[in-house]
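In what follows, a single structure is set out as structure tokens and then discussed.
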Amino acid sequence: MSNKYQESGVSVERGYETVNRIKKHTKLTYNKGVMSDIGSFGALFDLGKYNIKHPILVSGTDGVGTKLLVAQEAGIHDTIGIDLVAMCVNDIITTGAMPLFFLDYVASGYADPVVMEQIVKGISEGCIDAGAALIGGETAEMPGMYSNNHYDLAGYVTGVVDKEAIVSNETMAEGQLIIGLESSGIHSNGYSLVRKLFFKDHDYKLTDYVEELGSTLQDELLKPTKIYVKGILDLLSKVKLHGMAHITGGGFIENIPRTFKEGFSFSVDKSLVPVKPIFKLMAKLGSIEENEMYNIFNMGIGMVVVIDPQDLDQTLEILNTYDYKPHVIGKVIKGDNWELV
């Protein structure tokens, strides 16, 4: 049976080798709630170990979009797993939830065990950074769906927050400050436009050294998405937050309003935003208007939190401890119309 299956393009042996290769990486992520080893049909997790008075589970799922194509073209497969974790855990941390466990799905036309190990190595690194256990996943070999050198990723995270500690915008008020936490770069959104600008509209190669960036293009484009979990959890234990937003697809204009309650909006001073060179270069290459850039990319800010002015010094001190490079970029205003000034 295995020979016939192999004739169809699927190798059971490659699957076995992949599982054996990734076990050492997944075990590094285990936390106190893990009850089962990888390879079981269902992953068990003991929520009772966390002694939370009124636990509320928070879930999130995401992928990394066409940044995958850049990674596959470059032959660099370990950082894309960090991106996958970051996109999921940065979403749920906005509720105040602590990530508990992570599941991944990897589909490919040819499941090269070496490549699969590199992907899962990156996922494990991201999980360690987020404090989440990688307790299960699926590696699917589908030669009729994907060409041999292509693969796709999806991730799923579950976290927990005490009901009394859920971050709520009900306490939002005019004059509160918007603190932006620096991104590492583009993160994992907008890569269809990124690829068009550099590779279709202009004749860049991934290995080109780009003076404006101070690095090769692939080094810049494959910088992993920053994970903000540990610093935000520390901040939440000491400072009252009135809202948080993960700046992903849709940039400032779509994502920041999602954290505001009706009757309030934001005013952001663009001169206070630490716009990274990659965004300036793309705006120039594509002749893209500034407001459109803010509606597509993070522009150098990967996460925002809303605080009371009296908590500013403590907030900056905590976030700087985690090298998040926080900036006061705006404030809460009355009304439903946002401002980028």
Side-chain angles (χ1 to χ4, degrees), residues 22 25-26 28-29 60-94 99 101-108 115-134 137-139 149-157 159 181-195 198 206 213 215-232 245-251 255 276 278-279 282 296-303 323-324:
I22 67 178
H25 300 294
T26 61
L28 294 175
T29 72
T61 187
D62 213 334
V64 296
T66 58
K67 188 173 185 176
L68 280 172
L69 294 176
V70 179
Q72 290 161 20
E73 176 69 23
I76 298 173
H77 308 288
D78 53 348
T79 58
I80 205 74
I82 300 173
D83 287 301
L84 183 67
V85 176
M87 293 300 291
C88 296
V89 299
N90 286 343
D91 274 353
I92 71 165
I93 192 64
T94 63
F101 57 83
F102 192 85
L103 303 172
D104 64 83
Y105 174 78
V106 186
S108 66
V115 173
M116 294 299 110
E117 180 183 1
Q118 288 300 300
I119 294 169
V120 175
K121 176 176 177 287
I123 294 171
S124 298
E125 289 178 9
C127 284
I128 291 169
D129 194 2
L134 178 56
E138 170 70 6
T139 302
N149 63 332
H150 282 176
Y151 56 82
D152 198 8
L153 303 178
Y156 168 85
V157 67
L181 284 56
E182 284 197 23
S183 65
S184 56
I186 303 173
H187 282 182
S188 299
N189 297 101
Y191 272 79
S192 293
L193 177 56
V194 171
R195 291 168 45 250
F198 285 109
L206 279 171
L213 304 177
S215 70
T216 64
L217 186 58
Q218 73 180 22
D219 283 349
E220 179 66 39
L221 298 188
L222 291 176
K223 283 181 179 177
T225 304
K226 196 168 186 68
I227 293 174
Y228 299 100
V229 170
K230 290 181 179 177
I232 292 293
H246 181 200
I247 310 303
T248 56
N255 290 291
K276 295 190 177 295
I278 183 64
F279 299 114
M282 288 193 294
I296 301 171
F297 298 109
N298 69 62
M299 300 303 286
I301 295 293
M303 180 80 72
D323 197 30
Y324 290 169

Checklist entry - Rounded to the nearest 0.5 Å, what separation is found between the CG atom of Leu69 and the CG atom of Leu221? => result 12.0 Å

Checklist entry - At what distance, to the nearest 0.5 angstrom, does CD1 of Ile82 lie from CG of Asp78? => result 6.5 Å

Checklist outcome for this item: In short, Thr29 meets Cys127 closest at the heavy-atom pair CG2-CB, 3.8 Å

Checklist entry - Parallel under 30°, tilted from 30 to 60°, perpendicular over 60°: which one fits the rings of Phe297 and Phe279? => result tilted

Checklist entry - Does the side chain to side chain contact (heavy atoms under 4.5 Å, CB included) test come out yes or no for Leu134 and Ile123, once each step is laid out? => result CA-CA 8 Å; Leu134 178 56; Ile123 294 171; 3.9 Å; yes

Checklist outcome for this item: In terms of heavy-atom contacts, Tyr228 and Gly302 come closest through OH-CA, 3.3 Å

Item to check | Criterion ring pair (Phe, Tyr, Trp, His ring centres under 6.0 Å) on Tyr151 and His77, from CA distance to verdict | outcome: CA-CA 10 Å; Tyr151 56 82; His77 308 288; 5.6 Å; yes

Checklist entry - Between Met303 and Tyr324, is a side chain to side chain contact (heavy atoms under 4.5 Å, CB included) present by the stated rule, with each step listed? => result CA-CA 10 Å; Met303 180 80 72; Tyr324 290 169; over 6 Å; no

Checklist entry - For Tyr191 and Val70, which heavy atoms make the closest approach, and how far apart are they? => result CD2-CG2, 4.0 Å

Item to check | Contact check, side chains of His150 and Gln72, non-hydrogen atoms, under 4.5 Å | outcome: yes

Checklist entry - Closest heavy-atom contact between Ala74 and Leu222? => result CB-CD1, 3.8 Å

Checklist entry - Are the charged groups of Lys226 and Glu182 less than 4.0 angstrom apart, N to O? => result no

Item to check | OH-CG distance between Tyr105 and Leu153, expressed to the nearest 0.5 angstrom | outcome: 10.5 Å

Checklist entry - Would you say Thr139's side chain and Val106's backbone share a donor-acceptor pair under 3.5 angstrom? => result no

Checklist entry - Is Glu125 salt-bridged to Lys121, going by a charged N under 4.0 Å from an acidic O? => result yes

Item to check | CD1 on Ile76 to CD on Gln118, rounded to 0.5 Å | outcome: 10.5 Å

Next on the checklist: Can you list everything that forms a side-chain hydrogen bond (donor to acceptor under 3.5 Å, both in side chains) with Tyr156? Sequence neighbours excluded, please.
Outcome noted: Ser59, Thr158

Checklist entry - Taking the side chain as C-beta and beyond, is there a heavy-atom pair between Thr248 and Met87 under 4.5 Å? => result yes

Item to check | Point-to-point distance, once rounded to the nearest 0.5 Å, from CD1 of Ile93 to NZ of Lys230 | outcome: 12.0 Å

Next on the checklist: Quick check: closest heavy atoms across Pro224 and Ser184, and the distance to 0.1 Å?
Outcome noted: O-OG, 2.6 Å

Checklist entry - Does one side chain, of Ser188 or Thr225, offer a donor that lies under 3.5 Å from an acceptor on the other? => result yes

Checklist entry - Heavy-atom distance under 4.5 Å between the side chains of Asn255 and His246, does that happen here? => result no

Checklist entry - Do the side-chain N and O atoms of Asn298 and Ser183 include a donor-acceptor pair separated by under 3.5 angstrom? => result yes

Item to check | Minimum heavy-atom distance Val229-Ala130, with the two atoms named | outcome: CG1-O, 3.5 Å

Checklist entry - So do Val194 and Ile278 actually touch side chain to side chain, heavy atoms under 4.5 Å? => result no

Item to check | Enclosure of Glu73 CD (heavy-atom neighbours >12, cutoff 6.0 Å) | outcome: no

Next on the checklist: Using side-chain heavy atoms (C-beta onward) and a distance below 4.5 Å, is Ile296 in contact with Asn189?
Outcome noted: no

Checklist entry - Hey, does Leu28 have a side-chain heavy atom less than 4.5 Å from the side chain of Ile128? => result yes

Checklist entry - After noting the C-alpha distance and the side-chain angles of Leu84 and Asp62, does the key distance pass the side chain to side chain contact (heavy atoms under 4.5 Å, CB included) rule? => result CA-CA 7 Å; Leu84 183 67; Asp62 213 334; 5.8 Å; no

Next on the checklist: How long is the straight-line distance from CD1 of Ile186 back to CG of Leu193, given to the nearest 0.5 Å?
Outcome noted: 9.5 Å

Checklist entry - Between Val115 and Ile119, is any pair of side-chain heavy atoms under 4.5 Å apart? => result yes

